[in-house]
Amino acid sequence: MQRFAWGVPVYRQRFSLVASRPATERFYRLIRLAMAYAEHLREPFEGSLECDETTFGGARKGKRGWGAAGKVIVFGIIKRNGLVKAAPIQAHDGASIMQVIQAQSREGSLYYTDEW
C-alpha cells in the first residue's frame, strides 16, 4: 500500500494515488483553505517592509501591461526576515494599495517601494 508523502510534487502523486482524483483535489483544497485561514490570523507586519505590485495570468493577446484582460493585480508586502503577505487588489491605484498597506502593516513601519 502506498502512502501520501509530504514534499512529493502533485504531478508525481497522480500516478500512485490511493484515493480517487476528486478526493485528492478536495484534500488539497482543504489544505489551501487552512493555510489561508492561518494567514488571516497572522499579526500585521512592522519594521522594515518592501511593497510592490504585479500582475498574474500568463501571456495574453491584445493589450499588455496593467490593463491586460484576464490578469489579476496582486500587491505584496515583504518583511525583511522573509515573511510575505500578498493580496489581490481591484485596481492599480493609490487608494487600493493604501487600503492593503493599512490592513496588513502597523503604523510607524519603514516602507521601501517604487514610485507608488
**Message:** Run the side-chain contact (heavy atoms from CB on, under 4.5 Å) test against Val84 and tell me which residues pass, sequence neighbours left out.
**Reply:** Ile78
**Fill in**
Residues at least two apart in sequence or cross-chain that pass side-chain contact (heavy atoms from CB on, under 4.5 Å) with Ala38, listed by chain then number, are none
**Prompt:** Partners of Arg42 by side-chain hydrogen bond (donor to acceptor under 3.5 Å, both in side chains), sequence neighbours excluded?
**Reply:** Glu39
**Asked** So, for Phe45 and Ile77, which heavy atoms are closest and what is the spacing to 0.1 Å?
**Response** CE1-O, 3.6 Å
**Message:** Applying side-chain hydrogen bond (donor to acceptor under 3.5 Å, both in side chains), can you list everything that pairs with Tyr112, at least two apart in sequence or on another chain?
**Reply:** none
**Asked** For Glu107, which residues count as a salt bridge (Lys or Arg N to Asp or Glu O under 4.0 Å) partner, sequence neighbours excluded?
**Response** none
**Request:** Could you list the residues that satisfy side-chain contact (heavy atoms from CB on, under 4.5 Å) with Ala34, not counting sequence neighbours?
**Result:** none
**Request:** Please round to the nearest 0.5 Å and tell me the distance separating atom CD1 of Ile89 and atom CD of Glu53.
**Result:** 6.5 Å
**Message:** Just to verify, what does Arg80 make a side-chain hydrogen bond (donor to acceptor under 3.5 Å, both in side chains) with, not counting sequence neighbours?
**Reply:** Glu50
**Asked** Any side-chain heavy-atom pair from Ser96 and Phe75 closer than 4.5 angstrom?
**Response** no
**Message:** Which residues pass the side-chain contact (heavy atoms from CB on, under 4.5 Å) test with Gln102, not counting sequence neighbours?
**Reply:** Met98
**Heavy-atom neighbours of Gln99 CD exceed 12 at 6.0 Å** = no
**Complete:** When every non-hydrogen atom of Glu46 is compared with those of Ser109, the smallest separation belongs to CA-OG, 3.2 Å
**Fill in**
Residues Ala91 and Ile73: closest non-hydrogen pair is C-CD1, 4.2 Å
**Item:** Connected via hydrophobic side-chain network under 4.5 Å: Leu33 and Phe27
**Value:** no
**Prompt:** Glu43: what forms a side-chain hydrogen bond (donor to acceptor under 3.5 Å, both in side chains) with it, not counting sequence neighbours?
**Reply:** Arg106
